[in-house]
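Below is one structure; the comments refer to it alone.
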Amino acid sequence: MLNYTKQDIINMVEEEDVKFIRLQFTDLFGHMKNAAIMSSQLEKVLSKSMKFDSSSIPCFGNTENSDMYLVPNLDTFVIFPWRPQQGKVARLICDIYKPDGTVFDKNPRYVLERVLKDARDMGYSFTVGPECEFFLFNTDDEGKPTTHTHDEGGYFDLAPIDHGENCRRDICMTLEEMGFEIEASHHEVAHGQHEVDFHHDDALTTADRIMTFKLVVKTIAKRHGLHATFMPKPITGEAGSGMHINMSLFKDGANVFYDKNDKNGLSETGYKFMAGILKYMPEFSFITNPIVNSYKRIVSGFEAPEYVGWSSSNRSLMVRVPAFSDSESARIELRNPDAAANPYLVIAACLACGLEGIKKDLPVPKSINVNMFDITKEEADTLGVESLPISLNAAIKLAANSDFVKQVLGEDLVGEYIKVKEAEYGEYRTQITKWETDKYLTVY
C-alpha cells in the first residue's frame, strides 16, 4: 500500500513536471472515462473534488439529477510513460459521490469495495490474478482497424513467425514502468492473439490494473500502427480471447484455500468457496460475458468452457484448480469471463458467490475428468452437467430472475444494466449477417 498524501501528489507533480492529470473512472459497462485538469487545478481538486455531468454517462444519472463529484484515490497516482517528457501526463482513479456527500452506489468500483467489506467482516482478504488475452490487427490506409494480421504465429511461437513480439515487448516494459510486475507474456493460439500475465494482488488493485492494462495495450499497439482489441471473438473459426480469473482467500496472512493433505491441495474452505462459484456464477453470465459476441467464444472446439463444473487438470470446464507449488499460490481459476467484461463487477461477483458458498456450507459437486470440448449435449445430460447460457438473451433472463444477483450488485444497477443489454440484443436480432446471405440467398 502506497499511502500517498495530498502533499505527496502535489510534490510529485511539481518534481516530475506533470502538466495534465486525468481523473479516471469506469462506467457500468467497463469503459474507461476521464476528465483532464491542468496541474494548476490539482490542489483544488484534491481538496474539494471535481463536479461532472453524470447524465451523459449511460445508467449513471439523468437530466434531473445530473451533478456528481469525482474524488481522487491518491494511491492510484501514476505518470504515463508514453507521454512527452516535458509536460507529462498522469492519472488518478476516482471514486464517485452524490452532491449530498453519499457514495454513488452504481459506481462499479464501489460495488467491489462493498463486497470486499463483507469479506473483511468475515476476516478475509481477497487476492486476484487475471490472464488477459487480446488480438493485434493491422489498420487500413485511414488508420481504421481491420481483422487482418500478417502474424502466422500460434501458441508460444516466437519471431519471425510472431509478428507482434516487438509490440508485446513494449507493452510489458511500459507496464513495468507503471508499477506492474509482469510474470509472463506470449503468443496465444490464434493468429494475432497474445497474452500478458501480471502478478496477483488485492482485488481492488487488480481491477484497477486490468483497466490500466487495457489502456496501455491499446495505446502501445497504436504506436506500432496496430489495433488492439479485447473483443471476445473477432475471427470466425479461431479461438477467442478470455480473461481468466485466478483467486485466493487469505485470513491472518495465510491462504485459507491451501491444505497440503488434500489431493488437489485445496482446503475445505476452498471447496465451499468453489461450490458457491459453481452454484451462483452462471447467474452472473450477463456480467462475465456481457456482449452478443461473448457467446460466439463459448462454443465447443475453441478452448472456452460451455459447461458448469470443475476439475484439477481439465481445462474444458468453467472452474479449474490449477497445480501450485506452495501455499501462497493455492487458487481457484474461473475460465468463462472475457475481457469485454467490467473487471470490478466480475471480481465482485466472484467474491460474493464464493463467500455465499462458505456462509451456506455448500457441498462441492464431484469433479469431472471428461474432455467437455468433445462431448455431445446428450452425454453432458447423462453426466448431469448444466451448460452456461448460450446467448446474451439467455444470460439476461437468468440474471433477471436471480434475487442473489440483485442482492450483490444492487437492484437499480441490475435493472439499468439489463435494460441496456436487452436493447443491445434487440438491435442484434434485427441485423442480417453475411453468413445468412451466403447460406440462404440462393437456395430459397
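Computation of the quantities below employed the complete heavy-atom set of this structure, encompassing side-chain atoms and omitting hydrogens, waters and symmetry-equivalent molecules.
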Next on the checklist: For N336 and H244, which I'm curious about, is there any donor-acceptor pair between the side chains at under 3.5 Å?
Outcome noted: no

Checklist entry - Does Y428 OH have over 12 foreign heavy atoms under 6.0 Å away? => result no

Checklist entry - Under 4.5 Å between any side-chain heavy atoms of W310 and N264, yes or no? => result yes

Next on the checklist: Check the orientation of F25 and F52. Use parallel for under 30°, tilted for 30 to 60°, and perpendicular for over 60°.
Outcome noted: tilted

Item to check | Over 12 non-hydrogen atoms of neighbours within 6.0 angstrom of NZ in K44 | outcome: no

Item to check | Pair F273 and F257, ring centroids less than 6.0 Å apart | outcome: yes

Item to check | Pair N393, S391: side-chain N/O donor-acceptor within cut-off below 3.5 Å | outcome: no

Item to check | Heavy-atom check, side chain of L388 versus side chain of V308, under 4.5 Å | outcome: yes

Item to check | Cationic N near anionic O, under 4.0 Å, D412 to K106 | outcome: no

Item to check | Greater than 12 external heavy atoms within 6.0 Å of Q7's CD | outcome: yes

Checklist entry - So does E113 pair up with R109, basic N to acidic O under 4.0 Å? => result yes

Item to check | Test item: N107 side-chain N/O and V103 main-chain N/O as donor-acceptor pair under 3.5 Å | outcome: no

Item to check | Close side-chain approach of T139 to L226, heavy-atom, < 4.5 Å | outcome: no

Checklist entry - Is K214 close enough and on-axis enough to F230, meaning under 6.0 Å and within 45°, for cation-pi? => result yes

Item to check | N-O pairing of R114 and D118 below 4.0 Å | outcome: no

Next on the checklist: For the CG atom of D208 and the CD1 atom of I93, what is their distance to the nearest 0.5 Å?
Outcome noted: 3.5 Å

Checklist entry - Any sub-3.5 Å donor-acceptor pair from Y295's side-chain atoms to N289's backbone N or O? => result yes

Checklist entry - When you look at D67 and K98, which way does the salt bridge (Lys or Arg N to Asp or Glu O under 4.0 Å) test go after all the steps? => result CA-CA 7 Å; D67 288 343; K98 300 175 184 177; over 6 Å; no

Checklist entry - Looking at the rings of Y124 and F250, which for Trp means the six-membered one, are their centres under 6.0 Å apart? => result no

Next on the checklist: Can you see whether H200 engages N246 through a side-chain donor-acceptor pair at a distance of less than 3.5 angstrom?
Outcome noted: no

Checklist entry - Is the number of heavy atoms from other residues, nucleotides or ligands under 6.0 Å of E43 CD greater than 12? => result no

Checklist entry - Aromatic rings F135 and F137: how do their planes relate, parallel, tilted or perpendicular, breaks at 30° and 60°? => result parallel

Next on the checklist: Under a 3.5 Å threshold, yes or no: a donor from one side chain and an acceptor from the other, between T5 and D8?
Outcome noted: yes

Item to check | Salt-bridge contact R335-E333 (side-chain N to carboxylate O under 4.0 Å) | outcome: yes

Checklist entry - Just by distance, with hydrogens left out, do D338 and S294 show a side-chain donor and acceptor under 3.5 Å apart? => result yes

Next on the checklist: Quick check against the 3.5 Å criterion: does Q431 have a side-chain atom that pairs as donor or acceptor with the backbone of E427?
Outcome noted: yes

Item to check | Side-chain H-bond candidate by donor/acceptor type, Y258 with D326, under 3.5 Å | outcome: no

Checklist entry - Are any non-hydrogen side-chain atoms of N255 and L249 less than 4.5 angstrom apart? => result no

Next on the checklist: Counting neighbours of NZ on K272 that are heavy atoms of other residues, nucleotides or ligands and sit closer than 6.0 Å, is the number greater than 12?
Outcome noted: yes

Checklist outcome for this item: Of all heavy-atom pairs linking S248 and R331, the shortest is OG-CB, 3.5 Å

Next on the checklist: Which label fits F198 and F180: parallel for a plane angle under 30°, tilted from 30 to 60°, or perpendicular past 60°?
Outcome noted: perpendicular

Next on the checklist: Under a 3.5 Å cutoff, is there a donor and acceptor pairing between the side chains of S241 and Q193?
Outcome noted: yes

Next on the checklist: If we count only N and O atoms by modelled type, under 3.5 Å, do the side chains of H199 and E183 hold a donor and an acceptor together?
Outcome noted: yes

Item to check | Aromatic plane relationship, Y155 with H186 - under 30° parallel, 30 to 60° tilted, over 60° perpendicular | outcome: perpendicular

Item to check | Derivation and outcome, side chain to side chain contact (heavy atoms under 4.5 Å, CB included), residues D201 and T127 | outcome: CA-CA 5 Å; D201 213 320; T127 297; 5.7 Å; no

Item to check | Ring centres under 6.0 angstrom apart (Y97, Y69) | outcome: no

Next on the checklist: Would you say that more than 12 heavy atoms from the other residues, nucleotides or ligands in this model lie under 6.0 Å from the CD of E176, or not?
Outcome noted: yes

Item to check | F29 ring center near Y417 ring center (under 6.0 Å) | outcome: yes

Next on the checklist: Looking at E424 and K421, is there a salt bridge between them, counting it only when a charged N and a carboxylate O are closer than 4.0 Å?
Outcome noted: yes

